[in-house]
Amino acid sequence: MKDIKLIALDMDGTLLNDNQEVPERNRKAIEQALAKDVHVVLSTGRGFNTCYPYAVDLELPTYLISANGAEIWTMEKELLRRRKLETEMMEKLYNIATQVGAGMWMISTEGAFNGDFPKDFNEYEWLKFGCHTTDQRKLDILIKEFSKYEELELSNSLPTNIEVNAKGVSKADALHFLCERIGITMDNVLACGDSLNDIKMIQEAGVGVAMGNAQEAIKKVADHTTVTNNESGVGVAIEKFVLNV
């Protein structure tokens, strides 16, 4: 068994059930892991403002990774690192997605925009761009167009969306930063997730766990597949690999 000292948890489709709640079994397992002095870190595509309340509710004491690793925070709201997308690039992505006819959302350092976008992109600092469509043809066009820019990192949080960060930004990269800060290695990390924005942290963690509801690509690279997010898959994984229950 690996000596797990940090648990990295994706939120949507992983820690949270489909009602956006933390199941009781997950909550109890996290509490027991914290009692063993194991770091528990939310590692999410969400912006800081929409993930921090969950971290507070769970009484997580140390760190938080938001916007797919574009920001790393302490629970005292100290920003440890930020990697931004250029404003000009955000406008290009917005224009491409508009032309293709996809829905969009964006995360700035001030908060998230979902449908009501700013008139002047220069008034904000940008962390992440997202777009979504159930039309596979449109999705293929967007991936092709976005892939032309080498300064971008592409992933998803659902099979029907695309998430864009600055090149090199990932949850795995953010975890490497925290491991170095704490004085551990990625071999000491248990990572749980369900989507392509989790794939690198699952590949690079000592124990990479795919949710039962994860995309097939995630299950293929994971060390272990747990049950679904609605069946407390995170709690089951923590019990198995950290609590030895």
Side-chain angles (χ1 to χ4, degrees), residues 9-21 42-51 54 65-71 83-119 121 124-149 151-167 169-172 192-202 210-219 228-230:
L9 300 175
D10 171 55
M11 290 179 62
D12 298 285
T14 301
L15 171 67
L16 306 181
N17 62 24
D18 290 348
N19 295 323
Q20 307 285 291
E21 300 163 339
L42 300 185
S43 184
T44 178
R46 291 186 180 213
F48 179 77
N49 294 336
T50 54
C51 60
Y54 283 94
I65 295 168
S66 62
N68 286 344
E71 290 185 331
R83 292 194 172 159
K84 297 179 288 188
L85 275 166
E86 295 296 328
T87 301
E88 184 183 342
M89 180 54 70
M90 285 295 290
E91 290 185 293
K92 283 181 184 175
L93 296 169
Y94 171 80
N95 289 333
I96 292 168
T98 300
Q99 288 167 4
V100 171
M104 287 175 274
W105 76 98
M106 306 173 188
I107 297 178
S108 78
T109 56
E110 301 296 312
F113 293 86
N114 202 339
D116 186 20
F117 303 117
K119 290 182 173 62
F121 280 56
Y124 297 89
E125 294 179 293
W126 298 100
L127 301 171
K128 190 176 94 166
F129 177 86
C131 57
H132 56 90
T133 174
T134 55
D135 185 332
Q136 188 60 47
R137 183 185 61 85
K138 289 183 178 181
L139 214 56
D140 291 343
I141 292 169
L142 289 165
I143 291 168
K144 183 180 177 183
E145 290 302 312
F146 294 167
S147 296
K148 291 177 181 176
Y149 299 101
E151 62 267 46
L152 300 179
E153 194 79 39
L154 305 186
S155 64
N156 76 17
S157 55
L158 286 169
T160 53
N161 74 28
I162 305 168
E163 299 196 343
V164 185
N165 289 93
K167 189 71 179 174
V169 169
S170 70
K171 296 178 180 184
C192 300
D194 71 311
S195 299
L196 291 184
N197 61 358
D198 303 311
I199 195 165
K200 288 183 180 178
M201 74 170 183
I202 285 173
M211 302 302 293
N213 52 286
Q215 296 173 36
E216 282 306 311
I218 309 306
K219 291 180 179 178
T228 70
N229 62 316
N230 290 322

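The figures here come from the full heavy-atom set of this structure, side chains too, leaving out hydrogens, waters and symmetry mates. Numbers for residues simply follow the sequence, beginning at 1.
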Over all atoms of both residues, closest heavy-atom pair of [X] and [Y]:
X      : Y      : answer
Ser147 : Leu154 : OG-CD1, 3.5 Å
Thr50  : Met11  : O-CE, 4.4 Å
Tyr54  : Gln20  : OH-O, 2.8 Å
Ser195 : Ser157 : OG-O, 2.8 Å
Ser155 : Asn68  : OG-ND2, 3.7 Å

Just to verify, what does [X] make a side-chain hydrogen bond (donor to acceptor under 3.5 Å, both in side chains) with, not counting sequence neighbours?
X      : result
Glu153 : Lys200
Thr133 : none
Asp135 : none

Kindly list each side-chain donor-acceptor pair under 3.5 angstrom involving residues 95-119, sequence neighbours excluded, with atom names and distances?
unit_1: Asn95; atom_1: ND2; unit_2: Glu91; atom_2: O; d: 3.1
unit_1: Thr98; atom_1: OG1; unit_2: Tyr94; atom_2: O; d: 2.7
unit_1: Ser108; atom_1: OG; unit_2: Glu110; atom_2: N; d: 3.0
unit_1: Ser108; atom_1: OG; unit_2: Gly111; atom_2: N; d: 3.2
unit_1: Ser108; atom_1: OG; unit_2: Gly111; atom_2: O; d: 3.0

> Does Phe146 have any ring pair (Phe, Tyr, Trp, His ring centres under 6.0 Å) partners at least two apart in sequence or in another chain, and if so, which?
Replying inline: none
Results of side chain to side chain contact (heavy atoms under 4.5 Å, CB included) for [X] - residues two or more places apart only:
X      : answer
Ser43  : Ala8, Ile65, Lys171, Met201
Gln136 : Leu139, Asp140
Arg83  : Arg81, Val169, Asp173
Asn19  : Asn17, Glu21

Can you tell me how far [atom2] of [Y] sits from [atom1] of [X], rounded to the nearest 0.5 angstrom?
X      : Y      : atom1 : atom2 : result
Leu142 : Arg137 : CG    : CZ    : 10.0 Å
Asp198 : Met211 : CG    : CE    : 10.0 Å
Lys167 : Leu152 : NZ    : CG    : 8.5 Å
Thr14  : Asp12  : OG1   : CG    : 8.0 Å

Are the side chains of [X] and [Y] in touch, meaning some heavy atoms are under 4.5 Å apart?
X      : Y      : answer
Ile162 : Asn156 : no
Ile202 : Ile218 : yes
Tyr149 : Lys92  : yes

> For Leu15, which of Asp10, Asn229, Leu42 qualifies under side-chain contact (heavy atoms from CB on, under 4.5 Å)?
Replying inline: Leu42
> Quick check: does any side chain N or O of Asn165 sit under 3.5 Å from a backbone N or O of Ala70, one acting as donor and the other as acceptor?
Replying inline: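 Pair absent, no side-chain N/O of Asn165 close to backbone of Ala70.
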> Do any N or O atoms from the side chain of Asp18 and from the backbone of Asn230 form a donor-acceptor pair under 3.5 angstrom?
Replying inline: no
>> Taking salt bridge (charged side-chain N to carboxylate O under 4.0 Å, His left out) as the definition, give me every residue that meets it alongside Lys148, ordered by chain and number, with sequence neighbours left out.
In response: Glu145
>> So, using salt bridge (charged side-chain N to carboxylate O under 4.0 Å, His left out) as the criterion, who are the partners of Glu216 when residues are at least two apart?
In response: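 Listed in chain order: Lys219.
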For residues 125-132, dump all side-chain donor-acceptor pairs below 3.5 Å to protein atoms at least two apart in sequence or in another chain.
unit_1: Glu125; atom_1: OE2; unit_2: Lys84; atom_2: NZ; d: 2.5
unit_1: Trp126; atom_1: NE1; unit_2: Phe121; atom_2: O; d: 3.0
unit_1: Lys128; atom_1: NZ; unit_2: Gly45; atom_2: O; d: 2.7
unit_1: Lys128; atom_1: NZ; unit_2: Glu163; atom_2: OE1; d: 3.1
unit_1: Lys128; atom_1: NZ; unit_2: Glu163; atom_2: OE2; d: 3.2

